[in-house]
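Contents: one structure, followed by commentary.
Please read these numbers as outputs of a predicted model, since none were measured by experiment. A note on names: the letters A, B, ... follow the listed sequences, proteins ahead of strands, and every chain is numbered from 1.
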Amino acid sequence: MEDRTYTADAEPGDSVTVAGWVHEVRDLGGIAFLILRDSTGKIQVKFEKDEMDDDLVETGLGVHRESVVSVSGDVEEEDRAPTGVEIVPQSLEVISEADPELPLDPSGKVDAELSTRLDNRTLDLRKDEVKAVFEIRAEIQRAVRETFRTHDCTEINTPKIVATGTEGGTELFPITYFGEEAFMNQSPQLFKQLIAGSGVERVFEIGPIFRAEEHNTPRHLNEATSIDFEGAFCDHNDAMDVAEDVVVAAYEAVAENCEEQLEALDLAAEFEVPDADFPRISYEEAIERVNATGALDEQLVWGDDLSTEAEKALGDDVGGHYFVTDWPSEVKPFYIMDHEDDEQLSTGFDLMHPDLELVSGGQREHRYDQLIEGFEQQGLNPDEFEYYTKMFKYGMPPHAGWGMGAERLVMTILGLENIREAVLFPRDRQRLSP
RNA sequence: GCCCGGGUGGUGUAGUGGCCCAUCAUACGACCCUGUCACGGUCGUGACGCGGGUUCAAAUCCCGCCUCGGGCGCCA
């Protein structure tokens, strides 16, 4: 295979072997064209029936679309060809013949439903606009990693099989671990805190999280990818600064390095990098603003969580990215620290875009006695989390961090309507394979 | 978990009791065509999710199941 040339690299005058998928065969009678596609693009192969070997013509034009073939021949400059060049073949080998009836149409002439597409992801990914999503996702993750490096973060990997959940055991997938009860991890939360307290100080992880909630929405997955940050000697404002940087860097990377992919998605003209300095709106201000919109039948009162309807009203009102800060302590988990001067107010924050929760974070409770108290207040038994709590007795610095949904980040950057579009093989309430 | 709406050839659809042995596009098969680029033209093959019921008559109405999507709750 070392002699293979990518279609994009085939220059006039070259004698090449290209290999890829048969995109289409256009038989015009005396002349026919086979369009060959590989990861770099497409190239036209010309068949002039009177002037070519009959077997070659028969094999080349008899092949079904999406079959894998290799073609050897001369590259010629030709203005009438779609890319300005075409191959005059000397030989053609059918490497893998495709069934004539495909479960979806990779050329995109006929739409397929998401469910059909996910059942046949390999074929679905042959469409430029689908492939583009995952090339962009890879670029986003690259940019995210690089941004964490500029914040002196070390990449870590924490266990995905755990003995206890972050906030109890109700929404976890139970598994059997050598005869013992165990769970798939819903978040690296507790582990990343332990590492932030170790002396490594600033860490990040990009890894899977698992949630057993039976929700059925276009923005939830049962297996998702979490981008997590945790930093020692950070407070919630520092953590928000990092989140902002990561999000903006992701947009910048896409704008700079994914022109072709944005083109394929028809987003090139309208794509914009958001300004940094996302507004930081306190929870109290947020409920006032929601109430002022008049979108809700009932006015929100202090202590209410923001319903989907309230988030939509707020998102419409603010537009773009914004943080909601200073949440009531009671709606945030035990590991979130309260404000020093007001026990009712937490340092927890969410980053929204415009009505989708992208990030959730806060400063953490690093004081042992207060942490134990927090467990008890939420009805959790601190003894079950001893592996975690005991490390708060041996020198735990103040620290803060957050978790960001990688698929939600991709979804908001590209304006995808369903989060499943941002996952190669999504796991949802109904889907366990492929 | 609660609520709502769907399931028609390989794919995407039209059809809401008889006009339907079911429309259109695309794919597939055959034939014609020497510059296509969503190639074009002629002809053809191919479907009412499963089971039960109502009715003279069911793709269409009712019940159960399976399956897909959406809203809410919850969250990233």
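In this structure, A:Arg431 atom CZ and B:G70 atom C1' are separated by 16 Å, rounded to whole Å. Rounded to whole angstrom, the span from the CG atom of A:Leu102 across to the P atom of B:G9 amounts to 17 Å. Note: CD1 (A:Ile87) to C1' (B:U36) measures 17 Å, nearest angstrom. Protein atom CZ of A:Arg420 is 8 Å distant from nucleotide atom C1' of B:G69, rounded to whole Å. Atom C1' of nucleotide B:G29 and atom CG of A:Asp27 are separated by 14 Å, given to the nearest angstrom. As a whole-Å value, the separation of A:Arg37 CZ from B:C37 P is 19 Å. Taking atom NE2 of residue A:His23 and atom P of nucleotide B:C37, one finds them 13 Å apart after rounding to whole Å. If you take CE of A:Met52 and C1' of B:U34, they are 13 Å apart, rounded to a whole angstrom.
Using a 4.0 Å cut-off between charged nitrogen and carboxylate oxygen, A:Glu58 and A:Lys49 do not count as a salt-bridge pair. Checked for salt-bridge contact, A:Arg149 and A:Glu146 miss the test: no charged N lies under 4.0 Å from a carboxylate O. The pair A:Lys332-A:Asp338 does not meet the salt-bridge criterion, since no charged nitrogen lies less than 4.0 angstrom from a carboxylate oxygen.
If you take atom P in B:G49 and the same atom in B:A58, they sit 15 Å apart, rounded to whole Å. Only the C1' atoms considered, B:U26 is 25 Å distant from B:U67, to the nearest whole Å. Taking atom C1' in both B:A76 and B:U60, one finds a spacing of 43 Å when rounded to whole Å. The same atom, P, is picked in B:A22 and in B:G9; the two are 14 Å apart, to the nearest Å. Here, B:C61 and B:C2 have their C1' atoms 27 Å apart, quoted to the whole Å. If you take atom P in B:C66 and the same atom in B:C24, they sit 36 Å apart, rounded to whole Å. Nucleotides B:A14 and B:U8 are separated by 10 Å at their P atoms, to the nearest Å.
Residue A:Ser360 has a polar side-chain atom (N or O) positioned under 4.0 Å from OP1 or OP2 of B:A76. A sub-4.0 Å separation between OP1 or OP2 of B:G70 and a side-chain N or O of A:Asn418 is present.
Inter-residue side-chain proximity for A:Leu221 and A:Arg427 is flagged as unmet; no heavy-atom pair is nearer than 4.5 Å. Put simply, the side chain of A:Gln186 reaches to within 4.5 Å of the side chain of A:Glu171, judged on heavy atoms. Annotation: side chain of A:Gln377 is not in contact with side chain of A:Glu330 (no heavy-atom distance under 4.5 Å).
Each of B:A76, B:G69, B:G35 was ranked by its minimum atom distance to the side chain of A:Ile31; first place goes to B:G35. The side chain of A:Thr308 sits closest to B:G73 out of B:G12, B:U34, B:G73. Looking at the side chain of A:Pro103, the nearest of the listed nucleotides B:C74, B:U36, B:G10 is B:G10. Out of B:U34, B:C28, B:G71, the shortest distance to the side chain of A:Glu48 is found at B:U34. In the set B:A27, B:A76, B:G71, the nucleotide with an atom closest to the side chain of A:Ile419 is B:A76. With B:C28, B:U36, B:G71 as the choices, the nucleotide that has an atom nearest any side-chain atom of A:Ala81 turns out to be B:U36. Across B:U36, B:C72, B:C75, the shortest atom-to-atom separation from the side chain of A:Leu28 is found for B:U36.
The base of B:U67 has none of its N or O atoms less than 3.5 Å from a complementary donor or acceptor on the side chain of A:Gln430. A donor-acceptor contact under 3.5 Å is formed by the side chain of A:His220 with the base of B:C74. Residue side chain A:Lys109 does not reach the base of B:G12 through any donor-acceptor N/O pair under 3.5 Å, judged by distance alone. Interface remark: the A:Glu86 side chain does form a donor-acceptor pair with the B:G35 base, using a distance-only criterion of under 3.5 Å. Contact of A:Arg211 with B:A76 (side chain to base): a donor-acceptor pair of N or O atoms is detected under 3.5 Å.
The 5' end of RNA chain B is approached more closely, in terms of each residue's nearest nucleotide, by A:His64 than by the other of A:His64 and A:Val331. Between A:Glu101 and A:Ser226, the residue whose closest nucleotide on RNA chain B is further toward the 5' end is A:Glu101.
A:Phe229 and A:Trp402 have tilted rings, their planes meeting at an angle from 30° to 60° on a 0 to 90° scale. Using bins of under 30°, 30° to 60° and over 60° for the plane-to-plane angle, the ring pair A:His321/A:Phe278 lands in the parallel bin. Taking the six-membered ring where tryptophan is involved, the planes of A:Tyr283 and A:Trp327 are tilted, since the angle between them lies from 30° to 60°. Relative orientation of the A:Phe349 and A:Phe323 rings is perpendicular, given thresholds of 30° and 60° on the angle between their planes.
Counting only N and O atoms by type, the side chains of A:Lys160 and A:Thr158 include a donor and acceptor under 3.5 Å apart.
Stems are defined here as 3 or more consecutive Watson-Crick or G-U wobble pairs with pairing distances under 3.5 Å; those involving RNA chain B are B:1-7 with B:66-72, B:10-12 with B:24-26, B:28-32 with B:40-44, B:49-53 with B:61-65.
Of the candidates A:Asp119, A:Leu114, A:Leu118, A:Asn120, A:Asn120 is the only one forming a side-chain contact (heavy atoms from CB on, under 4.5 Å) with A:Thr116.
Only A:Asp305, A:Ser307, listed by number, bring a heavy atom of residues 289-307 of chain A to less than 4.0 angstrom from any atom of RNA chain B.
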